[in-house]
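What follows is one structure encoded as structure tokens, with my remarks underneath.
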Amino acid sequence: MQGFPDRGGTPDLAQLQSTMHAIELACTSIQMHMNPAAAEATILSLSQSRQPYQACKFILENSQVANARFQAASAIRDAAIREWGYLTSDDKINLISFCLGFVMQHANSPEGYVQAKVSSVAAQLLKRGWLDFTTAEKEAFFNQVNQAVSGIHGVDVQYTGINFLESLVSEFSLSTSSAMGLPREFHEECRKSLEMNYLKTFYCWARDAALSVTNRITESDSAIPEVKACTAALRLMVQILNWDFVCNSSGGATSTSIFQVGGRQASDSPKRSECNLVQPGPAWRDILVTSGHIGWLLNLYSALRQKFSCEGYWLDCPIAVSARKLIVQFCSLTGTIFPSDNAQMHEHHLLQLLSGIIQWIDPPDAVSKAIESGKSESEMLDGCRTLLSIATVATPSIFDQLLKSIRPFGTLTLLSTLMGEVVKILMTNNSEEEAWSWEARDILLDAWTALLVPLDRNGGNELLLPEGKNAAANLFALIVEAELKAAAASAFKDDADSDYLQASISAMDERLSSYALIGRAAIDATIPLLSRLFSERFTRLNQGRGIVDLTETLEELYSLLLITGHVIADEGEGETPLVPNAVQTHFSYVVEADKHPVIILFSSIIRFSEQSLDPEMRQSVFSPRLMEALTCFQLLHTLVRQKHICLHIVALDSWHDLANAFANEKSLLLLNTAHQRSLAQTLVRSASGIRNSESANQYVRDLMGHMARYLVELSSKSDFKVVAQRPDIILSVSCLLERLRGASSASEPRTQKAIYELGFSVMNPVLVLLEVYKHESAVIYLLLKFVVAWVDGQISYLEAQETAVVVNFCMSLLQLYSSHNIGKISLSLSSSLLSEAKTEKYKDLRALLQLLSNLCSKDLVDFSSESIDTQGTNISQVVYFGLHIVTPLISLDLLKYPKLCYDYFSLLSHMLEVYPETVAQLDSESFCRVVASLDFGLHHQDTEIIDMCLRSLRALASYHYGETRAGKAGLGSHATGVTDPSGNLQEGIFSRFLHSLLQLLLFEDYSPDLVSSAADALLPLMLCEQGVYQRLANELIERQSIPALKSRLVNALQSLTGTNQLSTTLDRKNYQIFRKNLNKFLIDVRGFLRTM
Amino acid sequence: MSDDDHHFESKADAGASKTFPQQAGTIRKNGYIVIKGRPCKVVEVSTSKTGKHGHAKCHFVAIDVFTAKKLEDIVPSSHNCDVPHVNRTDYQLIDISEDGFVSLLTDSGNTKDDLKLPTDENLLTQIKEGFAEGKDLVVSVMSAMGEEQICALKDIGPKN
């Protein structure tokens, strides 16, 4: 496809028309799916040609094809953003006023999307020039907009004006702004400037526009054109209040106020529904709070409510939705907009809103009945959102008091009855699909969470008054009832939905912890309730044994256990949970331990688990998997995390029985492999409770020694190769490997010795297994994971001689693995088995990389008594050697797995950054692999990977530069380039990467975040290869044919290296200067270089 | 393994002795299982929710290792399943005939000529070319329940 001629001069009419036809043709053929690639190329060539503005304007004004107009607008945007650097300021202003004028003139056009596009082009261009335009220039635009918004040119123009402001505000807001190839600072500056100087004005314009049409809307009985303008105005107000206000104190940009009034939103509180706080600062007080604005809004909505029966209005009509949204946002208003010495103002504000919305949700039973019989639920949901917003900005007591002035009960009671209704609905029709009651429940739960989550870690929450407590207790009882009913109902459901169940487990966990908060708020009532329910079911279980089907009761018990667990303990991920404050402080009056309600509850649960150990009971009642998997192991696993509990545990007979059974009984081999591992880990970890280090080690030896011996014997059998493939042998080998892995991961300084011996004794068997099971990928993976865990736990404690042994072992392992797998192609017919094989490879390689990283850590953390150098071990050489073995196994296809790619590059860049000197000693084959990897990484789409490569380059280049300046060799022949056997000169690493980095920076797409790290890599590269840099720069200049652009480029290149006293040292200050220079350079030249 | 042995084992009823019983609950993903008399590799196991009816059931999705057909089965976790004895043997590749049959060198120094390379044209040409270039190729043959197939190929460097 040929490009359109450049529009440097004034084109004639015929030319313009032919361009228009070409674009129209392309647009229609895209719609008809005729040769879309060519059509897209035509359109693209318009936006890429130089100065296409005349043609675009012509199309916008004359084309009858709406799509062509759309594309023309888009071309204006692309071309202008690209050429902005050398457009004259008249050109710029012209383009913006053309776009603005165009939308105003065509305000009644039916093609809304063209209008919206042109409007957003105007907004983007205005932003692009925001920091260059004078105030007068901006004022001229805004006068035009203000006139439009005020409505003097009619409703359509008014609507268009408001729409323009909407695109402008979203363009200036950081999260919605479009990319312009400029640094983040630019967007930040624009944002700040708009917030300081214009945002409030825009809000007032929108408010006035809405006010001006309010009367006409309330007085008419059917939908009138003004409704559209009013809706747009409301939407703009919502959008402005959504702004992320920073300058919210009159003085300037401070954000301390978030900790004053609005501090209830703890950053780690579990949040499902969105509730953004609106914190515009004191400057907004007059228009938002004290001007009667809210009264107007509430009146408008109640007027709309009356009209829902009229034609053109309904509960979900756009204007009603926008009005409700705005009301919800007003409830989230907080921060310094309310004076800190006048708490009444905020309370009054909330009360006014609450009285406005109360009929949306009160009385709850009537509201829910109406929805069940067909009314739209959106108003009720918005009502719930209002409660959530108020709960987020107010303390529990203020929240509760609000309603008391207009109703005989408090807000908490309302919240409780409302949620009670929702739970009842959920109970009666617990259907699978998302119903409104689900959403309402989630929002209301969030409101409870916002109220009840403790403010800080050590201080308790303020206590609720008796009425509030009552409300919470009633609600909790209802919730438990609903959950039990659901559990019982699920007992006989088939398992078709097990996938769905898995996915919803974390959601359920979150929900349960919110329930627990409600339960804890009324802990006096909750604990006895749970105890009663639990013992009722427990009795039923004992009585009904063998007589009736107990599946339902078991399900109920399971569900009850989950709820109870959440109420009495916080979930501590990986940490040891403390007793929650509510539980600790509440029952302090109970002195006797056995009357303590919590203890009563606990002991009944423990009695329940004891039952599971009774074989007869287990046979008849319990599902073995329920008890073993859920109760025992998870319980044990948590127990051994605390040292003082370990002390008691290891003294128990039953613990020794368990350990004994684990070591000797075959039946435990039937457990799921994950449980094998966790059981081994649990048992080994409990050794920390044995006071004497010698006996702790002996305990581990007794526990695990048997298994290690079994592996040794098995692998030394003469017929092992034959029997190894038997499924039962594979199963027991897998189990043993899982157990060894579990034991290794529980390694602690005290038991380190025994675990080292354990691993040491199976080193040879491991290599034998690796050989024998080379086709059995599942076993290989377990084996690798065991070695990874073992090395991870041991490496930092090993003495020099032991380190040498482990390192040699790891290298043999790597080599053996590589010899089995390199160059191997799977020939399976099944595509899913092929992809399975690929996934297995990926997992193996990740494990190998982890192994290398673990070895690497020896240089960082080392507790041994002498340096490992005494045995001649050099960790960096070892790891480079390992990488040399592993790298050929990693194919480009495998690097598509993000985790593997990340692991590989982080290990590689770590090595290059920390040990650049070892690179100099690499042979050319290994070195080529490093270079190829970096080259691949530099063109990866993941920013983090590119960043790691850039850091590696910086490290290598600055090392080399420093060394050569000191008269040493640096990277030697790797840097200068070598002539390979066939006589071709291989380029040196630095000149090669200088070239590709410049290419990337100037001509390719990348994230602006990378510019700083690219600068850090580019500077030392340029210093290493100054001659090459000069040559590349000259080539760039030569390629430029237009004189004006050529001189721009020359100047830019000069100031890249010549301004701000850039020197030839590599210190922090110099890096900083260069970053600044490069940023400016790219802004100057990238726009026009990329299109040539 | 002599040819006589092989002949004996591929009799129709000999398949049973080529399997081992194993509890369904202990069969994992990537393990093997016999479904409808075919040796399969398990690609997915789901176990029904614990606590239901006392017994969990395992749902296996598996792929026939020879025909690549997908098969499914549901077994109570405490019942025994048949697990095929899957063996893999490496042979050096001596020759490839026009019709895709290969000649392999056994440990005892004899040749084994009854196996065919996969039908995928692309792969076949690649292998033939590699072989023609003089690469030293090792072929892994998978055997289970009396059937055999070439399952993998490895390049162990240029021929000396």
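Proteins come first, then strands; the chains are lettered A, B, ... in the order of their sequence lines, and each starts at number 1. Computed from heavy atoms alone, side chains included, the values below leave out hydrogens, waters and symmetry copies.
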Quick one: of Ala778(A), Ala837(A), Pro727(A), who has the most non-hydrogen atom pairs under 4.5 Å with chain B?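 Heavy-atom pair counts peak at Pro727(A).
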Which region of Val83(B), side chain (C-beta onward) or backbone (N, CA, C, O), has a non-hydrogen atom less than 4.5 Å from a non-hydrogen atom of chain A, or is it both or neither?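 Both parts, backbone and side chain.
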Check each atom of Pro84(B) against the heavy atoms of chain A and say whether the ones under 4.5 Å are side chain, backbone, both or neither.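 Backbone of Pro84(B) only, per the 4.5 Å heavy-atom cut-off to chain A.
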Calculate, to the nearest 0.5 Å, the distance between atoms [atom1] and [atom2] belonging to [X] and [Y] respectively.
| X | Y | atom1 | atom2 | result |
| --- | --- | --- | --- | --- |
| Ser734(A) | Arg28(B) | OG | CZ | 9.0 Å |
| His85(B) | Gln725(A) | NE2 | CD | 6.0 Å |
| Ile730(A) | Tyr32(B) | CD1 | OH | 8.0 Å |
| Asn30(B) | Ser777(A) | CG | OG | 5.0 Å |
| His820(A) | Lys154(B) | NE2 | NZ | 7.5 Å |

Just wondering, more than 12 heavy atoms not from Lys69(B) lying within 6.0 Å of its NZ?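 Open.
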Asp107(B), CG: over 12 other non-hydrogen atoms inside 6.0 angstrom: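 No.
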What residues form a ring pair (Phe, Tyr, Trp, His ring centres under 6.0 Å) with Tyr842(A), not counting sequence neighbours?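 With sequence neighbours excluded, Tyr842(A) shows a ring pair (Phe, Tyr, Trp, His ring centres under 6.0 Å) to Tyr897(A), given in chain and number order.
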Top contributor to chain A interface from Val138(B), Asp90(B), Ile150(B) [non-hydrogen pairs under 4.5 Å]: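 Greatest number of close heavy-atom pairs with chain A: Asp90(B).
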Under the criterion side-chain contact (heavy atoms from CB on, under 4.5 Å), I'd like the reasoning laid out for Glu836(A) against Lys29(B): C-alpha separation, chi angles, the key distance, then a yes or no. CA-CA 10 Å; Glu836(A) 203 61 46; Lys29(B) 188 181 165 181; 3.1 Å; yes
Applying side-chain contact (heavy atoms from CB on, under 4.5 Å), run through Met142(B) and His775(A) and close with a yes or a no. CA-CA 10 Å; Met142(B) 173 168 59; His775(A) 295 298; over 6 Å; no
Report yes if the side chains of Leu153(B) and Lys824(A) come closer than 4.5 Å at any heavy-atom pair, otherwise no.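 Of all side-chain heavy-atom pairs linking Lys824(A) with Leu153(B), none is under 4.5 Å.
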Hey, are the side chains of Arg88(B) and Glu776(A) touching, using non-hydrogen atoms and a 4.5 Å cut-off?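 Touching, per the 4.5 Å side-chain cut-off.
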Could you tell me whether Glu840(A) and Lys41(B) make a salt bridge, using a distance below 4.0 angstrom between a side-chain N and a carboxylate O?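 Answer for the salt bridge query: yes.
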